[in-house]
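Data first, discussion second: the structure below is written as structure tokens.
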Amino acid sequence: MPASNTHSQYGSVAKTFHWLTALLILTAIPLGFFAEKAPFADSEQLAFKALLFSLHKTVGVAAFFTALLRIIWAMTQTRPGLLNSENRLEAFGAHTAHWLLYGSMLMVPLTGWIHHSATTGFAPIFWPFGQNLPFVPKNEALSELFSGLHFIFIIVLVLSILAHVGGALKHFVIDRDQTLQRMLPGRNSAPTPDPEAHSRLPQIAAVTTWALALIIGGAAGILSTGAGHDRASNAPALAAAPSEWVVQEGQVSISVVQFGSDVTGSFADWTAAIAFDETATNGKHGEVEATIAITSLTLGSVTDQALGGDFLDATGFPTATFKADLLPAENGYVASGTLTLKGASQPLDLPFSLELEGDTARMSASTTLQRLDFGIGATMPDESSLGFPVKVDITLTATRG
């Protein structure tokens with residue numbers, strides 16, 4: 001069997017690309033489905049879920065490069081004509097399905113890869129070339145957008161595959177021609193088809209189909225880029241706390257190691273009532289009472305997991321509080337008090353630095369919590385899937401009220 005195509009036959013290279021692409025796609029799709037549905041109630045389940053996602057991503061990347069090579073090869077080859085080109089409507093449908101397949105075979109894994117690169121979370125791609133794509137920043141809105149695009153293009157791909165398989169079966173069962181056999185291994189006795197008139201209409205139809213899919217997906221909310229903010233907005237916003245110093249801007253961020261990778265996130269809604277004086281009275285510079293809305297957390301691809309009952313339990317314990325005295329320290333200051341999180345209270349000393357310029361103060365602090373001290377991830381008593389330390393970084397700018 002020749003490697004290159006002829007007017008009546010597909011060559012061995014085209015056939016290999018066809019069946020290898022089909023194998024990879026039909027492996028990646030169920031892997032992704034089962035990974036989404038897999039539970040993560042304990043460390044073993046979470047590890048299995050991560051494995052499924054890693055396999056899904058790895059097979060998807062392999063499918064992308066295989067499809068890309070297949071398309072490049074096809075552009076250099078003679079394309080055997082349709083055996084029923086006289087049926088113009090059916091020929092139009094066949095060519096449209098092929099364009100949808102070619103485009104979707106690239107767009108599905110590429111959008112999934114961009115989603116993976118833009119977010120932080122578990123389930124790495126199993127290869128030695130890194131997890132990030134050039135020019136793709138770590139951005140949750142971007143990640144959510146491409147997650148939606150990935151889902152939409154999967155639907156188009158699946159429907160295109162069904163149309164393609166259905167057409168092949170029609171040729172085999174009803175038309176009884178050699179269309180299906182031409183893509184099977186070995187030679188076949190397919191006749192040389194009549195030359196076809198080339199048209200741009202199938203390409204236009206394919207582009208129109210993708211556009212309609214995006215419009216429908218957007219209308220259905222699949223392309224939403226604010227899932228974390230939407231979740232926070234569904235909970236009552238924290239009331240502003242009366243304070244001598246009014247916070248103008250700031251961030252409370254956390255970082256934890258999951259399956260060997262850093263996962264970072266932040267809380268969008270928090271308040272702080274601050275009383276502070278540069279001159280200490282009875283050894284104390286003031287006090288602070290901070291409240292954090294747990295539901296406002298975004299933590300990469302594992303946000304929903306982090307807010308679940310075994311972790312932060314945002315439903316049962318929607319807020320965390322930190323009450324502390326502000327005391328002098330050898331290098332700067334320390335907020336010494338009690339952190340209450342998920343119903344557990346633990347003493348906490350939070351060292352912080354402070355820059356004062358008139359009535360403006362800039363503060364930064366960093367500490368490390370142990371998740372098991374607060375019953376977070378109690379079903380994961382080792383660090384094989386989730387690290388014990390949780391790093392907390394705080395920055396804020398406040399003005400004297």
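Heads up: numbering here begins at 1 and tracks the sequence.
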Less than 4.5 Å apart, side chain to side chain, heavy atoms only: is that true for [X] and [Y]?
X: Pro124; Y: Ser54; value: yes
X: Leu46; Y: Gln258; value: yes
X: Gln131; Y: Ile125; value: yes
X: Pro137; Y: Leu142; value: yes
X: Phe267; Y: Leu299; value: no
X: Val108; Y: His150; value: yes
X: Leu356; Y: Phe276; value: yes
X: Trp19; Y: Met183; value: yes

Could you walk me through whether Ile29 and Thr27 satisfy the side-chain contact (heavy atoms from CB on, under 4.5 Å) test, starting with their C-alpha distance in whole Å, then the side-chain angles of each, then the deciding distance to 0.1 Å, before giving a yes or no? CA-CA 6 Å; Ile29 291 175; Thr27 301; over 6 Å; no

Indicate yes or no for a side-chain donor-acceptor contact from [X] to the backbone of [Y] under 3.5 Å, with no hydrogens or angles considered.
X: Glu249; Y: Thr397; value: no
X: Asp313; Y: Gly308; value: no
X: Asp393; Y: Ser253; value: no
X: Ser143; Y: Ala118; value: no
X: Asp177; Y: Thr179; value: yes
X: Arg70; Y: Phe17; value: no
X: His285; Y: Leu327; value: no
X: Ser385; Y: Ala47; value: no
X: Lys391; Y: Val256; value: no

Does atom [atom1] ([X]) have a neighbourhood of more than 12 heavy atoms from anything else shown, all under 6.0 Å?
X: Phe172; atom1: CZ; result: no
X: Phe33; atom1: CZ; result: no
X: Lys342; atom1: NZ; result: yes
X: Phe259; atom1: CZ; result: yes
X: Arg88; atom1: CZ; result: no

Shortest non-hydrogen contact from [X] toward [Y]:
X: Phe352; Y: Ala335; value: CE2-N, 3.7 Å
X: Leu238; Y: Thr291; value: CD1-O, 3.5 Å
X: Ala241; Y: Ala273; value: CB-CB, 3.9 Å
X: Ala314; Y: Thr295; value: CB-CG2, 3.8 Å
X: Ala205; Y: Phe92; value: CB-CZ, 3.7 Å
X: Ser104; Y: Pro109; value: O-CD, 3.9 Å

Output all residues satisfying side chain to side chain contact (heavy atoms under 4.5 Å, CB included) with Phe151, sequence neighbours left out; order by chain, then residue number.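 Here the qualifying residues are Ile155, Ile222.
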
Residues which pass side chain to side chain contact (heavy atoms under 4.5 Å, CB included) with Ala74, listed by chain and number, not counting sequence neighbours: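 In terms of side chain to side chain contact (heavy atoms under 4.5 Å, CB included), with neighbours along the sequence ignored, Ala74 is linked to Tyr102.
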
Before giving the answer on side-chain contact (heavy atoms from CB on, under 4.5 Å), spell out for Ile292 and Phe322 the whole-Å C-alpha distance, their side-chain angles and the decisive distance to 0.1 Å. CA-CA 9 Å; Ile292 298 174; Phe322 178 53; over 6 Å; no

ring-ring contact (aromatic ring centres under 6.0 Å, His included) with His98: which residues, sequence neighbours excluded?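 Listed in chain order: His164.
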
Can you list everything that forms a ring-ring contact (aromatic ring centres under 6.0 Å, His included) with Trp113? Sequence neighbours excluded, please.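 Result, ring-ring contact (aromatic ring centres under 6.0 Å, His included) vs Trp113: Phe65, Trp127.
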
Just do the side-chain contact (heavy atoms from CB on, under 4.5 Å) check on Tyr333 and Met363 with the steps written out, would you? CA-CA 10 Å; Tyr333 303 88; Met363 174 272 230; over 6 Å; no

Measuring from [X]:[atom1] to [Y]:[atom2], what's the distance to the nearest 0.5 Å?
X: Thr379; Y: Glu44; atom1: OG1; atom2: CD; value: 10.5 Å
X: Met380; Y: Leu386; atom1: CE; atom2: CG; value: 6.0 Å
X: Lys57; Y: His116; atom1: NZ; atom2: NE2; value: 5.0 Å
X: Leu369; Y: Leu350; atom1: CG; atom2: CG; value: 9.0 Å
X: Trp270; Y: Leu396; atom1: CH2; atom2: CG; value: 5.0 Å
X: Leu52; Y: Lys37; atom1: CG; atom2: NZ; value: 14.0 Å

Side chains of [X] and [Y]: is there a donor and an acceptor less than 3.5 Å apart?
X: Asp325; Y: Ser336; result: no
X: Glu140; Y: Thr119; result: yes
X: Thr66; Y: Thr21; result: no
X: Ser345; Y: Thr340; result: yes

From CA spacing to verdict: side-chain contact (heavy atoms from CB on, under 4.5 Å), Ser160, Trp99: CA-CA 9 Å; Ser160 301; Trp99 281 107; over 6 Å; no

How would you list, by chain and number, every residue that makes a salt bridge (Lys or Arg N to Asp or Glu O under 4.0 Å) with Glu357, sequence neighbours excluded?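 Checked Glu357 against salt bridge (Lys or Arg N to Asp or Glu O under 4.0 Å); matches are Arg362.
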
With sequence neighbours excluded, tell me which residues meet salt bridge (Lys or Arg N to Asp or Glu O under 4.0 Å) with Glu90.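 With sequence neighbours excluded, Glu90 shows a salt bridge (Lys or Arg N to Asp or Glu O under 4.0 Å) to Lys170, given in chain and number order.
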
